[in-house]
Amino acid sequence: EYNIRVNAVSGGPIETDALKAFPNYEEVKAEAIKRASIKRMGQPEDIAGICLFLCTQEASWITGQTIIVDGGSSFK
């Protein structure tokens with residue numbers, strides 16, 4: 001018996017050096033905050049937290065899912 005699980009994490013705009021390198025970073029940041037239900041930019045820790053959770057026993061029944069971590073911006 002194998003316990004192979006396959007999940008994906010889809011992140012919204014995350015405040016990283018890569019995003020800050022965009023010439024229109026301030027515009028992208030403002031729009032991301034405006035669209036997010038929780039009114040802030042995503043942080044790397046927001047993505048890392050869900051990835052860590054998926055590696056725990058508590059997530060052992062989760063498989064075949066895409067978990068969207070975007071501060072609620074896709075909910076609108």
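Just so it is clear, the model here is predicted, and its values are computed rather than measured.
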Would you check if the side chain of N7 reaches a backbone N or O of I62 as a donor-acceptor pair within less than 3.5 Å? yes

Out of curiosity, does I38 fall in the hydrophobic cluster containing I14 (side-chain heavy atoms, cut-off under 4.5 Å, transitive links)? no

If you round to the nearest 0.5 Å, how far is CG of L54 from OG of S60? 11.0 Å

Could you give the distance from SG (C51) to CD1 (I67), rounded to the nearest 0.5 Å? 8.5 Å

Does the D70 side chain pair with the main chain of G11, one donor and one acceptor, at a distance under 3.5 Å? no

Answer whether the closest heavy-atom distance between the side chains of P13 and M41 falls below 4.5 Å. yes

Do V9 and F53 belong to the same hydrophobic cluster, where Ile, Leu, Val, Met, Phe, Trp and Tyr are linked whenever their side-chain heavy atoms lie under 4.5 Å apart, directly or via other members? yes

Scanning both residues in full, the closest heavy-atom pair of T63 with R5 reads OG1-CA, 3.4 Å

Trace of the side-chain contact (heavy atoms from CB on, under 4.5 Å) decision for E31 with V28: CA-CA 5 Å; E31 187 64 24; V28 169; 5.9 Å; no

Hey, could you give me the CG/CD distance between D46 and E15, rounded to the nearest 0.5 Å? 10.5 Å

